[in-house]
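Heads up: the structure comes next, in structure tokens.
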There are 2 protein chains.
Amino acid sequence: MFNRELVKGSTSLLVLQLLNERDMYGYELVKEIGRRSNQLLQMKEGSLYPGLHKLEKQEYIEHYWQEQSKGPARKYYRITPEGKKILAERTSEWHRYVRLMNHLIGSSE
Amino acid sequence: MFNRELVKGSTSLLVLQLLNERDMYGYELVKEIGRRSNQLLQMKEGSLYPGLHKLEKQEYIEHYWQEQSKGPARKYYRITPEGKKILAERTSEWHRYVRLMNHLIGSSE
DNA sequence: TTCACCTACCTAGAATCTTTAGGTATATAT
DNA sequence: ATATATACCTAAAGATTCTAGGTAGGTGAA
């Protein structure tokens with residue numbers, strides 16, 4: 001597993017990226033992030049739900065409910081145009097940051 | 001400037017790396033990180049000093065005082081063998097994390 | 001010699017984020 | 001009945017960072 005400190009801060013970027021691919025509900029995001037990372041990234045519900053609420057308050061995402069024929073209703077989230085803008089900015093920030101860190105810790109990877 | 005959230009978590013890695021190159025004192029670390037990053041990374045003293053104290057408590061670094069012929073004395077920090085071990089681990093964690101994130105946000109950079 | 005500024009250390013309190021550790025409810029399988 | 005899985009949620013604790021100071025020694029200009 002990754003050091004907890006290292007993982008901090010990039011969760012909102014990850015969530016925005018996944019919602020940019022398709023609408024998802026919270027529980028699905030937790031599972032999907034685990035699946036895609038081979039369980040290396042285990043986003044806790046206690047982090048994800050408040051995080052989603054914050055992103056929605058910032059109007060980067062919005063939600064709609066969808067009843068299911070079986071099981072509890074799902075609260076789907078959709079990225080907004082503003083969210084796409086932020087995603088693009090954050091992604092390029094991420095790359096700049098990685099390049100800089102790799103430079104500082106003496107790696108060309 | 002980078003998003004504050006993005007920068008979180010890698011400061012101790014950076015500090016250990018710099019101290020692995022040579023002994024430095026706190027104030028020097030602030031300036032050096034700024035200099036090497038072209039002022040993109042501005043480590044605040046309020047973050048650095050408590051961070052150094054924590055690393056020292058974990059016995060990854062240790063300090064010694066050095067009087068100056070002019071100006072205040074300097075508290076130099078030196079990385080310990082344990083610190084070097086942790087640095088190697090954290091560095092490889094960093095690379096693994098970056099590879100994973102780049103995969104998840106769909107980039108080959 | 002007074003004032004501003006730089007070096008060099010430090011911390012308390014606020015803000016933010018994550019985890020822990022629950023809770024509620026629906027549906028299915030044993 | 002009971003366990004398990006889905007699916008939402010939050011309060012409190014823990015960790016880290018920033019804000020916004022403080023202390024002190026030395027330098028340079030007016």
Side-chain angles (χ1 to χ4, degrees), chain A residues 1-16 18 23-35 37 39-58 60-77 90 97, chain B residues 1-16 18 23-35 40-58 60-77 90 97:
Chain A
M1 274 303 300
F2 290 113
N3 189 301
R4 234 188 81 261
E5 296 181 23
L6 223 49
V7 182
K8 271 188 192 169
S10 355
T11 55
S12 64
L13 173 60
L14 202 45
V15 166
L16 286 176
L18 293 184
D23 296 0
M24 292 192 209
Y25 52 100
Y27 195 80
E28 184 182 15
L29 281 163
V30 172
K31 302 298 169 190
E32 185 65 11
I33 288 170
R35 195 186 64 73
S37 70
Q39 309 312 319
L40 283 172
L41 257 36
Q42 310 243 15
M43 175 138 1
K44 299 302 177 335
E45 294 186 34
S47 313
L48 180 69
Y49 288 116
L52 285 170
H53 300 159
K54 194 190 165 193
L55 285 172
E56 182 156 40
K57 203 170 164 190
Q58 293 171 313
Y60 299 154
I61 63 177
E62 58 195 14
H63 79 265
Y64 55 94
W65 284 94
Q66 207 166 80
E67 297 301 323
Q68 301 301 304
S69 55
K70 37 171 146 184
R74 294 168 177 173
K75 192 175 181 179
Y76 275 88
Y77 286 96
R90 294 256 181 102
Y97 180 64
Chain B
M1 270 308 295
F2 291 113
N3 187 302
R4 230 189 84 261
E5 296 183 23
L6 223 49
V7 182
K8 270 188 195 170
S10 355
T11 55
S12 63
L13 173 60
L14 202 46
V15 166
L16 286 176
L18 293 184
D23 296 0
M24 292 193 209
Y25 52 99
Y27 195 80
E28 184 182 14
L29 281 163
V30 173
K31 302 298 171 191
E32 186 66 11
I33 289 170
R35 194 185 64 74
L40 283 173
L41 257 34
Q42 311 243 15
M43 176 139 359
K44 298 303 176 340
E45 294 186 33
S47 314
L48 180 69
Y49 287 116
L52 286 171
H53 299 160
K54 193 191 164 192
L55 285 173
E56 182 156 41
K57 203 170 164 188
Q58 293 170 313
Y60 299 154
I61 62 176
E62 57 194 16
H63 79 266
Y64 55 94
W65 284 95
Q66 206 168 81
E67 297 300 324
Q68 301 301 304
S69 54
K70 35 171 145 183
R74 294 169 177 172
K75 192 176 181 178
Y76 273 88
Y77 286 95
R90 295 257 181 101
Y97 182 63

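Numbers restart at 1 for each chain; the letters A, B, ... are given by sequence-line order, proteins then strands. This is a predicted model, so every value here is computed, not measured.
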Sequence neighbours left out, what passes side chain to side chain contact (heavy atoms under 4.5 Å, CB included) with B/Met24? Give chain and number order.
B/Leu18, B/Leu19, B/Arg22, B/Glu28, B/Leu29, B/Glu32, B/Arg36
Partners of B/Lys31 by side chain to side chain contact (heavy atoms under 4.5 Å, CB included), sequence neighbours excluded?
B/Tyr27
What pair of heavy atoms forms the shortest contact from A/Ser12 to A/Leu55, and how long is it?
CB-CD2, 4.3 Å
For B/His53 and B/Tyr77, which heavy atoms make the closest approach, and how far apart are they?
CD2-OH, 3.8 Å
Using a cutoff of under 3.5 Å, can you pull out all pairs of nitrogen or oxygen atoms linking the protein to nucleotides 6-8 of chain C, with atom names and distances?
from, atom 1, to, atom 2, distance (Å)
C/dT7, OP2, B/Tyr27, OH, 3.0
C/dA8, OP1, B/Arg74, NE, 2.6
C/dA8, OP1, B/Arg74, NH2, 2.6
C/dA8, OP2, B/Tyr25, OH, 2.7

Over how many whole Å does the gap from [X] atom [atom1] to [N] atom [atom2] extend?
X       : N      : atom1 : atom2 : answer
A/Lys54 : C/dA15 : NZ    : P     : 14 Å
B/Leu14 : D/dT16 : CG    : P     : 16 Å
B/Met24 : C/dC9  : CE    : P     : 13 Å
B/Glu56 : C/dC9  : CD    : P     : 12 Å
A/Tyr64 : D/dC8  : OH    : C1'   : 16 Å
A/Glu67 : D/dT6  : CD    : P     : 19 Å
B/Leu48 : C/dC9  : CG    : P     : 9 Å
B/Leu52 : D/dT17 : CG    : P     : 12 Å

Can you list the residues that meet the side-chain hydrogen bond (donor to acceptor under 3.5 Å, both in side chains) rule with B/His63, with sequence neighbours excluded?
B/Glu56
Quick one: side-chain hydrogen bond (donor to acceptor under 3.5 Å, both in side chains) partners of A/Glu45, sequence neighbours excluded?
none
Give the ring-plane orientation class for B/Tyr25 versus B/Tyr76, where under 30° counts as parallel, over 60° as perpendicular and anything between as tilted.
perpendicular
Holding to ring-ring contact (aromatic ring centres under 6.0 Å, His included), I want the full list of residues that pass it with A/Tyr49, two or more places apart in sequence or in another chain.
none
Taking atom CG of B/Leu41 and atom CG of B/Leu14, what is their separation to the nearest 0.5 Å?
6.5 Å
[X] vs [N]: side-chain N/O to OP1/OP2 distance below 4.0 Å:
X       : N      : value
A/His53 : D/dC9  : yes
B/Thr11 : D/dT17 : yes
A/Ser47 : C/dC17 : no

Could you run through DNA chain D and flag its stems, i.e. three or more consecutive Watson-Crick or G-U pairs with both distances under 3.5 Å?
C:1-30 with D:1-30
